[in-house]
Amino acid sequence: MDRRDFLKITAASGASATLASCGNPEHSMVRFIPEEELSGGVAVWKPSICPLCPAGCGMLVRVMDGEAEVIRNGKKGTIQMGLAKKLEGNPNHPISQGKLCVRGQAAIQVTYHPDRIIHPLKRSGARGTGPFQEITWDEAMSMLVSQLNGLAASGNQKAAVFLTKPMRDQRQTLISEFSSRFGASVPVTFDPLGDHVLRRANARSFGYDQLPTFDIGRSRYVLSFGADFLGTWNSPVTQSIGYGDMRQGKLQDQPAKRGKFVQFEARMSQTGANADEWIPVNPGTEGVLALGLAHVIMKAGLRKPEAVGAAGSQIAGWPGLADYAPEEVEKRTGVKAERVKRIAKEFANNGPAIAIIGGSPLAHTNGMFGALAVNALNALIGNAGAGNGESPMGFMRQPKPNADQNRHFESFIADAAQNNERVKVLLLHEANPVYGSPPAWRVRETLSKIPFIASFGSFIDETSILADLILPDHSFLESWVDHIAESGDSGPVIGLAPPAMHALHQTRAMPDVLLDASRKLAKPLGPPMPWKSYEEMLKASVEAVDPSKDAWKSAQQLGGVMPPANVSLPAPQTTRGGSPLSYSEPQFDGDAGQFPFHFLPFQSQAFLDGSLAHLPWLQELPDVLTTAMWSSWVELNPQTAARLGIAAGDTIEVSSNHGNLQSPAVISPGIAPNIIAMPMGQGHETFTRFASGRGANPISILAPMTEPETGSLAWAATRVRVAKVQSPSKSKLILFAGSLREHPEDIGR
């Protein structure tokens with residue numbers, strides 16, 4: 001797509017505007033007075049923070065003067081203003097270090113998207129059908145405040161619930177404060193692929209309820225259990241930079257030593273394609289493999305069992321591990337015993353070394369055991385520190401511990417489904433559970449029964465189409481933005497940036513709308529909010545961690561407070577909870593006789609969980625392994641495909657106990673024969689012109705299996721069957737590199 005067409009930046013001359021108005025004064029082009037002083041042709045670089053994944057990479061926005069189509073005071077016209085033209089990594093930011101992934105580059109399309117909601121809307125037809133009517137902000141605020149006043153008048157404030165994606169910023173703090181002071185229920189977060197299991201495991205093993213930071217650049221040996229750390233997991237930009245340093249042998253003591261990387265996973269990811277050894281492992285047995293490596297290391301006398309500390313106490317049978325001899329490990333995992341022995345000794349003898357677990361191994365019913373086992377392996381090697389730079393695995397210092405104070409969506413939707421009176425007002429912000437939940441949760445049906453839903457979203461999606469009121473948010477380039485990093489650096493990183501450009505449309509920043517609503521309530525909040533604007537709230541938060549005179553000014557110029565003056569790593573939890581775990585076989589939904597394959601959905605390099613599918617640059621991004629674009633597909637092993645009579649490009653049907661879908665087949669040697677894999681992200685019913693009606697959604701056939709300790713969705717615990725479709729649907733595979741039938745052997749290389 002042509003960038004100039006997409007940005008919709010006009011170049012209307014005075015002459016053309018005059019001609020357009022001749023004889024048609026009612027259609028004359030309104031030219032608004034510029035809102036800022038501009039220097040023609042001079043670019044200004046302004047800091048910002050990427051909002052498209054939880055990593056919080058710092059970026060620079062190239063802003064230049066130009067003419068844009070905007071709405072001012074209800075009128076459409078053109079204005080000369082500073083416009084964002086390009087996004088790059090911020091070299092002063094510890095997370096991005098001047099780099100930016102493809103998703104970050106595409107983030108500019110959020111601001112200029114042609115289907116962006118540009119003014120407040122209220123529902124004008126049947127719920128979920130889509131008709132909305134434009135209204136003023138005064139009308140919109142009156143509707144919102146009226147609903148909240150109604151709850152307060154009846155003493156039923158608990159019937160108000162805020163539903164958001166997980167956010168690590170002051171927006172989340174503001175939502176929590178508003179909910180608490182109003183008397184609403186605890187806010188709910190929706191994250192279908194969240195790392196709740198790993199955080200809980202880290203709290204049990206090390207006392208820190210947060211994701212770890214890995215210094216991959218200082219490592220000589222890296223083991224990864226399913227973590228696509230170069231593509232989609234945790235902080236990919238930081239981890240990719242470290243991986244490059246490791247592969248180039250940049251260790252200070254041995255600069256010529258090139259680190260080795262081994263990936264264990266059932267389906268080859270972008271990260272696995274970069275490994276020295278890619279080793280398939282039976283789903284749900286990653287913890288067995290980790291303890292098998294530990295068994296070899298201790299039996300060979302390469303490490304002492306007591307070195308593991310508290311992490312070992314979480315594993316039943318530590319340190320004996322009699323059930324994890326290499327021969328037994330081979331039976332359970334499918335990894336040859338001799339290979340287990342060799343890798344274990346290489347891992348122990350080539351330090352600093354790290355083991356990483358993420359992705360599908362944590363999405364099994366026994367995911368907690370796998371996480372605890374890898375933690376114990378790390379502790380045994382002596383590489384798990386407290387984020388002080390002495391160990392290649394640590395935990396970032398933060399203003400607050402990363403304990404999740406919000407309620408998880410799984411328990412919320414179960415309660416709401418059982419009691420229709422539990423929720424009267426739902427406030428929705430950047431969460432799309434109708435698309436991202438298994439069908440058995442009946443999310444659409446449950447949310448449809450809530451009397452009033454208000455969305456702060458910028459786009460109509462499968463969930464916000466149920467809203468009665470839409471109060472469109474500024475884009476991140478038009479807003480104050482902030483982010484407290486959870487992982488990616490040994491020190492604390494608090495990103496912060498002012499708006500890079502003026503708002504194009506009649507939108508308002510969600511935090512300021514919430515603060516405004518709090519002042520309009522008939523019954524004042526108790527106590528009232530102490531901030532008049534989100535900017536004021538951010539300034540107070542900066543001064544709380546860095547009281548120096550120039551901290552606020554410096555934070556805006558640099559894109560954050562780095563490092564904050566008085567932030568230190570909190571002490572580990574002394575009471576970690578949880579009984580030692582023994583290995584239990586992973587449970588799968590579906591009889592193995594009827595559903596012989598393990599179904600493995602995976603995060604798309606472009607769309608992650610599907611929340612970015614509306615951005616056309618990402619739709620047009622070729623998949624790194626298949627070169628597929630604008631479409632979805634299903635991956636099969638060549639042996640499986642031959643047995644079923646399926647050729648590359650054939651449309652196949654994938655069926656579970658909970659539904660079925662159709663999609664073209666990709667034949668890949670980088671997947672185990674008992675696995676059927678499919679990227680997430682496509683299959684939207686309602687999500688702008690670029691994503692709606694395109695491909696299939698693998699979440700739509702998932703079973704409602706959960707990991708028992710956290711209640712997290714076990715999205716890798718569904719069995720399926722596969723059949724070739726004789727009368728294929730309109731689903732089509734689009735490849736950048738041409739037809740799969742011409743070169744099927746290249747897929748997965």
Side-chain angles (χ1 to χ4, degrees), residues 1 5-6 52 103 106 109-110 112-117 121 123 125-132 192 430-439 443-445 447-448 455 457-467 470 601-623 626-635 649-656 658-666 678-702 725 727-736 740:
M1 174 165 289
D5 289 342
F6 186 85
L52 299 193
R103 297 183 293 274
Q109 292 192 307
V110 173
Y112 299 114
H113 201 291
D115 295 337
R116 183 180 167 194
I117 303 171
L121 301 172
R123 179 167 61 86
R127 172 171 277 180
T129 60
F132 288 94
E430 295 191 358
N432 187 7
V434 172
Y435 170 83
S437 300
V443 173
R444 186 193 301 272
E445 178 182 340
L447 296 186
S448 295
S455 170
S458 297
F459 301 93
I460 301 292
D461 59 29
E462 289 85 353
T463 304
S464 62
I465 199 171
L466 301 176
I470 299 179
F602 59 91
Q603 287 199 69
S604 161
Q605 170 73 10
F607 313 131
L608 298 180
D609 60 356
S611 58
L612 309 182
H614 62 310
L615 302 181
W617 286 354
L618 295 180
Q619 285 282 359
E620 199 154 338
L621 177 70
D623 177 69
T626 66
T627 79
M629 49 200 287
W630 293 99
S631 53
S632 56
W633 65 92
V634 177
E635 296 180 12
D650 286 347
T651 298
I652 61 176
E653 183 171 81
V654 183
S655 303
S656 74
H658 303 274
N660 57 75
L661 58 82
Q662 293 185 6
S663 196
V666 166
M678 187 174 180
M680 299 181 187
Q682 301 282 29
H684 284 275
E685 296 177 8
T686 305
F687 197 27
T688 80
R689 71 189 71 180
F690 302 110
S692 299
R694 187 176 302 281
N697 178 13
I699 302 175
S700 67
I701 65 171
L702 291 185
V725 177
S727 301
S729 65
K730 297 180 180 179
S731 179
K732 182 180 180 182
L733 184 65
I734 303 172
L735 299 179
F736 178 80
L740 278 176

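No hydrogens, no waters, no symmetry mates; every other heavy atom, side chains included, goes into these values.
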What is the minimum heavy-atom distance between [X] and [Y], and which atoms define it?
X	Y	answer
Met629	Leu621	CB-O, 4.1 Å
Leu733	Ala628	CD1-CB, 3.9 Å
Gly681	Ala613	O-CB, 3.3 Å
Asn432	Glu462	ND2-OE1, 2.9 Å
Ile470	Ser464	CD1-O, 4.2 Å
Leu615	Ala106	CD1-O, 3.9 Å

Atom pair [atom1]/[atom2] of [X] and [Y] - distance to nearest 0.5 Å:
X	Y	atom1	atom2	answer
Gln662	Thr651	CD	OG1	7.0 Å
Glu685	Ile465	CD	CD1	9.0 Å
Leu612	Arg103	CG	CZ	7.5 Å
Asp623	Ser632	CG	OG	11.5 Å
Asn660	Ile652	CG	CD1	12.0 Å
Asp461	Ser692	CG	OG	9.5 Å

So, does [X] use its side chain to make a donor-acceptor pair with the main chain of [Y] at under 3.5 Å?
X	Y	value
Ser631	Ile734	yes
His684	Gly610	yes
Arg127	Ser448	yes
Gln109	Trp617	yes
Gln619	His614	no

Exercise. Hey, does Ile117 have a side-chain heavy atom less than 4.5 Å from the side chain of Ile460?
Worked result: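 In contact.
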Problem set entry | Side-chain heavy-atom pair Phe602, Met680 within 4.5 angstrom cut-off |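 Sidechains of Met680 and Phe602: no contact.
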Problem set entry | Met678 vs Val654, side-chain contact (heavy atoms from CB on, under 4.5 Å): CA-CA, chis, key distance, verdict | CA-CA 10 Å; Met678 187 174 180; Val654 183; 5.7 Å; no
Problem set entry | Trace of the side-chain contact (heavy atoms from CB on, under 4.5 Å) decision for Tyr435 with Thr463 | CA-CA 7 Å; Tyr435 170 83; Thr463 304; 5.8 Å; no
For this session: Decide yes or no on side-chain contact (heavy atoms from CB on, under 4.5 Å) for Trp633 and Thr626, but give the supporting numbers first.
Result: CA-CA 10 Å; Trp633 65 92; Thr626 66; 3.7 Å; yes
For this session: Could you check Trp630 against Arg694 for side-chain contact (heavy atoms from CB on, under 4.5 Å), going step by step and ending with a plain yes or no?
Result: CA-CA 7 Å; Trp630 293 99; Arg694 187 176 302 281; 3.5 Å; yes
